[in-house]
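The structure appears below as structure tokens.
These figures come from a predicted structure and were not determined experimentally.
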Amino acid sequence: MTASGRERGPVTGQPRALVALAAVCAALFAAASLLMAVRHGAPLPAERSAHDWSAAHHGEPLRSLARAVTATGAGPVPYLMAVLAGLLAGEHTSGRIRAVACAVAVLAAGQAIRYGLMELLARPRPPAADWTGTAAGHAWPSGHATTAVLAAGILAWGVQHRAGPGVARTWCVMLALWAVAVGATRVYLGVHWPGDVLAGWLLALACLALARLAAPFALHRTGPPPPPKSPSVQAD
């Protein structure tokens, strides 16, 4: 039961839609990765234009604002969001612990997949002379973009378990805008090509769709059902 006294079941979405979303995002990611590999990491003309525009508009206060936003897409913030999602999604202490563990595991697994693909594909970043932010490793897919979408999707899942439809939609929109903003700052700060960010978004969406499919099984109680309550004895 929720605080309002209404019983709210798990929000998992339509399985067929989730399978379709995962398949489409994975296929688009694979096609984009193949194109990038064929070009040996060279940017497309549109990517070069976006990078040149951002390099020409690195003034204040946008630069400081972009650095502040991009910092929320890595480090402890995404994991705090995953923990909050688990606390919102779980019922009672054991359920919350299980939900928190699952949410953190999804975030960590998505980051591990992204890191493995980054090392495998090894796309070079834009020239370091154009950077106005910090970055490490290869470019494809963007770690900040992947992590932000994962964290936003996980927290949206938690909110949907606890809030009404109107409030949940508002939070989902806000979280989506935050994730998009984090990805955009990576291009604005000159440390990623736009394709790196798009690839991160596609990878994260595929992982989220698969995680939503597995959520009912991961959060299902495995212990024996509680014994039935004995009927109350009424006085004659």
Side-chain angles (χ1 to χ4, degrees), residues 10-47 50 73 78 81-82 85 89 102-123 138-161 165 168-187 192-219:
V11 182
T12 58
Q14 295 295 327
R16 290 184 180 179
L18 292 172
V19 170
L21 176 62
V24 169
C25 290
L28 290 174
F29 176 84
S33 298
L34 179 61
L35 175 62
M36 184 274 298
V38 169
R39 294 176 56 86
H40 303 288
L44 295 168
E47 290 184 296
M81 294 171 67
C102 290
V104 171
V106 169
L107 178 58
Q111 288 184 313
I113 293 170
R114 191 275 310 173
Y115 184 80
L117 290 170
M118 180 189 72
E119 292 297 319
L120 176 65
L121 298 171
R123 186 188 196 186
H138 300 296
W140 185 283
S142 165
H144 281 69
T146 305
T147 301
V149 172
L150 285 171
I154 292 168
L155 184 52
W157 165 76
V159 170
Q160 287 174 324
H161 278 77
R169 280 194 295 269
T170 300
W171 274 99
C172 288
V173 171
M174 293 174 60
L175 288 168
L177 291 175
W178 168 76
V180 170
V182 171
T185 61
R186 303 309 286 167
V187 178
H192 274 292
W193 302 109
D196 307 334
V197 173
L198 292 175
W201 290 343
L202 289 172
L203 177 62
L205 288 173
C207 291
L208 285 174
L210 294 176
R212 289 291 290 265
L213 282 171
F217 303 98
L219 299 180

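Of all heavy-atom pairs spanning Val197 and Gly183, the tightest one is CG2-O, 3.4 Å. The two atoms that bring Leu121 and Ser33 nearest to each other are CD1-OG, 3.9 Å, heavy atoms only. Scanning both residues, Ala103 and Trp157, for their nearest heavy atoms gives CB-CZ3, 4.4 Å. Considering every non-hydrogen atom in both Ala206 and Ala26, the closest pair reads CB-N, 4.2 Å. Nearest heavy-atom pair, Leu150 versus Gly110, reported as atom, atom and distance to 0.1 Å: CD1-CA, 3.8 Å. Across all non-hydrogen atoms, the minimal contact from Ala199 to Phe29 is O-CD1, 3.4 Å.
Evaluation of the salt bridge (Lys or Arg N to Asp or Glu O under 4.0 Å) test over residues 31-47, restricted to residues two or more places apart or in two chains, returns Glu47-Arg123.
Within the model, atoms OG of Ser142 and CZ of Arg114 stand 7.5 Å from one another, a figure rounded to the nearest 0.5 Å. Separation of atoms CH2 (Trp193) and CE (Met36) is listed at 13.0 Å; rounding is to 0.5 Å.
Counting heavy atoms from C-beta on, the side chains of Leu175 and Met81 come closer than 4.5 Å. Annotation: side chain of Leu213 is in contact with side chain of Pro15 (closest heavy-atom distance under 4.5 Å). The closest side-chain heavy-atom distance from Pro141 to Leu117 is below 4.5 Å.
Although no hydrogens or angles enter the test, the distance criterion places a donor-acceptor pair under 3.5 Å between the side chain of His192 and the main chain of Ala139.
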The test is side-chain hydrogen bond (donor to acceptor under 3.5 Å, both in side chains); show your working for Gln111 and Thr147 and say whether it passes. CA-CA 7 Å; Gln111 288 184 313; Thr147 301; 3.1 Å; yes
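For the side-chain contact (heavy atoms from CB on, under 4.5 Å) criterion with Leu203, the lone passing option out of Val149, Leu208, Ile113, Leu198 is Ile113.
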